[in-house]
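Here is the structure we will look at, set down as C-alpha cells.
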Amino acid sequence: MQDHIAELLRTALTQVAAGPFPSLEQPDRIGIERTRDASHGDFASNVAMASAKSARANPRQIAEAIVAALPNSPQVEKVEIAGPGFINFFLTSDAATAVVGQVLDAGEAYGRAAAPSGRKVMVEYVSANPNGPLHVGHGRGAALGDCVANLLEAAGHSVGREYYVNDAGRQMDILAASIWVRYLELHQVTVAFPTGGYQGEYVREIARNLEQSHGDRFVHSGAAIVNGIGHDAPAGDKDAFVDALIAKMKTLLGEGFAIVHAAGLDSQLADIRDDLEGFGIVYDRWFSEASLVQDGAVEHALDRLKASGHTAERDGALWLKSSEMGDEKDRVLVRANGAYTYFATDIAYHLNKLERGFDTLVNVWGADHHGYIARMRAAIEALTGSDEALVVRLSQFVSLFRAGEKVGMSTRAGEFVTLRELRGEVGVDAARFFYVMRSSDQPLDFDLALATSQSNDNPVYYIQYAHARICSVLQQATDAGIHFDAMTGRGALARLTEPHETAVMGLLATFPERVEQAAAQYSPNIVANALRDVAEQFHSYYNAHRFLLPDDPELTQARLTLVVAVRQVLANGLGLLGVSAPESM
RNA sequence: GUCCCGGUAGCUCAGUUGGAUAGAGCAAGCGCCUCCUAAGCGCUAGGUCGCAGGUUCGACUCCUGCUCGGGACGCCA
C-alpha cells in the first residue's frame, strides 16, 4: 500500500515540478508512514514539508498543489492536508478489509518475505565454554540468537545456526584438573581443591562416572602431585598454581589426560545440548575449535592475515596490527610459546564461515565480550577488506529476582541459577518471551514471580490468552451449530465497519512491516511488542462486540473470519519467538 | 584514563528514516461477568524525554560538551 501511495505521489510531484513549483526536486525517498491517530487517516506523507526548501515555498501550498495533481485511486477514499503540511490518505473500506484475505491466503507465511533474498546468513549463538551447565545469562543469548535466526529466515535469508565449541583452551584444561582432584578424593587421595578450579557439584558427578568406568587408573599419591607445583592462593598465585597442577597432571597421566579431558567435555556438551533442545533450540552444527587447529584452518587463516600485510612479529609473538583498523591496540595471534590464542582460532572459524559462502556473520555475544568486538572487526577487515560482513548483537546482563531479592551469580564459585532450573521453574514459553521482550541492549531484570504468575501482570499469558480465546470462540460457534465458512465471511468483510474492527485490521496489516523491521534490526523485542498490540486490540474488540450473532449470520461469518485472521497472526508471531500458541488455557 | 551501552510517568520499559497532542504494562483510584474464558475490558490520574548548547520548517530521535548508572579494556577464553 505504501508503494501504491508513493507512486501516486511521484506522479503528482512530477506534475507539480513541471507546473507551479519548477525548482522542486524529487526527493530520493518519499516518506509515508502509518498514522498514529485515526483522525489523520490511514497513511500520511511529509513530502510537502521535505520539499519546502527546494521549492522555496510554504509546505501547505506545496501540499495543495500535490493533492490537486494526485491521480484518482480506487483504494483511496479521500486525501486531506493537515498540520504543518502533512498529506493524509484515507483508504476505502475495501482497501482496509483486504488484509483479512491476505492473512488467510498466506496462512503461516503471513509476515514472511514473499521471495528469497539470496543472502546467506550465519547466526552463531551461546557458544559457552563446555565447562559447566548453562546459566540464566546464557539463556538470554540462546533465546535472542534463536529468535534472530527465525527472523532472518522470515526475511527470506538462507540461515545457518551454529554453536562454536571452545574445546581447545585452558578453561577446558582447568575443568579436567578439577575433575581429577574430585576423582582423587574418591580414592582417599586428598589434594586441596584449587582456588581457580570449578567447584560445582557436576564436577563431582563426572569424577564418579570416571571412577566407575576407569577404576583407579588415574590415581597418584598426594605427595607426587603436590611436589614442585608451588602454592595456591593466598600464599601463591591461583592461576599459576592451576597451570602447574595441569602440567603435573599431564606428566603423571600421560595419555590418560586426554581421557579425563574428554570425559569433562563430552559430559558437559551432552548436558548443554540436552538443555538447549529442551529450550527449543536445535543447531545445524556444533563447530569444534580443536578441529580448526587439527585440520590446518588456523594456519590457513594466519597465512591470509600475513598476506594482508596486517601482521607483525614482536617479542617472539605474532600480532595482528588491529590498531590500524579501529582497535585500541594490537592483539596477539600466536604466543611466544607457539600456542595459538583464542583470538587466532576464532578468526579461523570466521574465515571458515565466509569460505562456506555466508555473506553475513551474526554473532550473539554476552555483554562481557564487548571489548572483543573491535579486534574481530579488524580481523574481518584484514581478511575481506571491509568489516561489514560482521554483525554483533550483545545480550546485556540478566539479573534474577526471587521474592524481591537479587539472586547472585558466579560460575567459578558454582553459585548460579542454571537455565535448566529456570525452565523448570517458569517454563519454556515464559522464559523465552521474557528474555526477548526487552531490547537486548538493555540489562534485564528477570522477575521469577512475575513469569510464573497466572495473572494479567504476565505479558506472555496475555498474548497466549488472546489466541486461546479465539479458539474458544470457534469452539463455541461449533457447539451452537454455527458452521464457520471462510468464503461467506470473506464475501461479507464490508460489514466490518466498527472502529474496533478497523483498528484490528490496521494492526494485521502492519504486522509484516514490523517483522521486517525486527529482522533488519536483529531485534525480536519488536515482534513481542507487535504481538502485545494485536492481543490488546483483540481483547478490547472482544469486550466491545459479540462475534456469534444468531440474528445476523452474515456479520457472524465476517467477524469470525477476522478473528481467525487475528489468530493466524498471533500464532505466526509467537512462532517467530519460539513460544507456543495454546488452544486453551 | 580510553571505549561501549543506558538515563523517557512512582516502578519496568516501548518509541520506525527527524514529524502532528511522547505511549504501554504494573502500581494508585473508580467502574464492567444472568453475556463467546474476568489470565479480560473501560475510565481517571500520573512527564523539565538526565543537564546545557547546536543543526532545521520541525529534535525523545542527529551533533558537541557535561553529568549519573552499568560494562569492557590479558601473550585468558
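Computed over heavy atoms, backbone and side chain alike; hydrogens, waters and symmetry mates excluded. First the proteins, then the strands, lettered A, B, ... as listed; each starts at 1.
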Inset, instruction - Check every atom of B:rC75, B:rA20, B:rG6 against the side chain of A:H40 and return the nucleotide holding the closest atom. - result: B:rA20
Inset, instruction - State which of B:rC75, B:rA20, B:rA39 makes the closest approach to the side chain of A:R335. - result: B:rC75
Inset, instruction - Please state whether the rings of A:H369 and A:Y372 are parallel, tilted or perpendicular, taking 30° and 60° as the class boundaries. - result: perpendicular
Legend entry - A:F287 and A:Y349 aromatic ring geometry - parallel, tilted or perpendicular at 30°/60° bounds: tilted
Using a cut-off of under 3.5 Å, enumerate the N/O to N/O pairs linking the protein to nucleotides 11-16 of chain B.
unit_1	atom_1	unit_2	atom_2	d
B:rU12	O2'	A:R438	NH2	3.2
B:rC13	OP1	A:P443	O	3.4
B:rC13	O2'	A:R438	NH1	2.8
B:rA14	OP1	A:S439	N	3.0
B:rA14	OP2	A:Q442	NE2	3.2
B:rA14	O2'	A:N529	ND2	2.9
B:rU16	O4'	A:Q517	NE2	3.0

Legend entry - side chain to side chain donor-acceptor pair (under 3.5 Å) partners of residues 545-564 of chain A, not counting sequence neighbours, each pair once: A:R495-A:D552, A:R495-A:E554, A:E501-A:R559
Can you check the distance between [N] and [M], where both ends of the measurement are the [atom1] atom (answer in whole Å)?
{"N": "B:rG58", "M": "B:rA14", "atom1": "P", "value": "30 Å"}
{"N": "B:rA24", "M": "B:rG15", "atom1": "C1'", "value": "10 Å"}
{"N": "B:rG25", "M": "B:rG42", "atom1": "C1'", "value": "16 Å"}
{"N": "B:rC60", "M": "B:rG53", "atom1": "P", "value": "14 Å"}
{"N": "B:rA9", "M": "B:rU67", "atom1": "P", "value": "23 Å"}
{"N": "B:rG47", "M": "B:rG10", "atom1": "P", "value": "6 Å"}
{"N": "B:rC41", "M": "B:rC33", "atom1": "C1'", "value": "11 Å"}
{"N": "B:rU61", "M": "B:rU2", "atom1": "C1'", "value": "27 Å"}

Legend entry - Sorted by number, the residues of residues 532-554 of chain A with heavy-atom contact under 4.0 Å to RNA chain B: A:R532, A:E536, A:H539, A:S540, A:Y542, A:N543, A:H545, A:R546, A:F547, A:L548
Inset, instruction - For RNA chain B, determine which residues of residues 475-485 of chain A have any heavy atom closer than 4.0 angstrom to one of its atoms, and list them numerically. - result: A:Q476
Inset, instruction - Would you classify A:D315 as touching base, sugar-phosphate or nothing, given that sugar-phosphate means primed atoms plus P, OP1 and OP2, and contacts are heavy atoms under 4.0 Å? - result: base
Legend entry - Check: A:R393/A:S440 side-chain N/O donor and acceptor closer than 3.5 Å: yes
Inset, instruction - Would you kindly say whether A:E299 and A:Y340 are connected by a side-chain donor-acceptor distance under 3.5 Å? - result: yes
Legend entry - Residues A:D327, A:K321: salt bridge by 4.0 Å N-O rule: no
Interface polar pairs with nucleotides 71-74 of chain B, N/O, under 3.5 angstrom:
unit_1	atom_1	unit_2	atom_2	d
B:rG71	N2	A:H370	ND1	3.3
B:rA72	O2'	A:G371	N	2.9
B:rC73	O2'	A:E328	OE2	3.0

Inset, instruction - Could you check if the base of B:rC33 is syn or anti? Syn means the glycosidic torsion is within 90 degrees of 0. - result: syn
Inset, instruction - Give the rounded distance in Å between these two atoms: CD of A:E80 and C1' of B:rA20. - result: 13 Å
Legend entry - Length of the CZ-P vector between A:F434 and B:rG25, whole Å: 15 Å
Inset, instruction - Can you tell me which stems RNA chain B forms, taking runs of 3 or more consecutive Watson-Crick or G-U pairs with both distances under 3.5 Å? - result: B:1-7 with B:67-73, B:10-13 with B:23-26, B:28-32 with B:40-44, B:50-54 with B:62-66
Inset, instruction - Tell me whether the OP1 or OP2 atom of B:rC41 has a side-chain N or O from A:Y462 closer than 4.0 Å. - result: yes
Legend entry - Option from A:K238, A:K250, A:R170 for which salt bridge (charged side-chain N to carboxylate O under 4.0 Å, His left out) with A:D243 holds: A:R170
Inset, instruction - Determine the minimum heavy-atom distance between A:L531 and A:G573, stating which atoms define it. - result: CD1-C, 3.6 Å
Legend entry - Which atom of A:Q517 lies closest to which atom of A:I526, heavy atoms considered: NE2-CD1, 3.9 Å
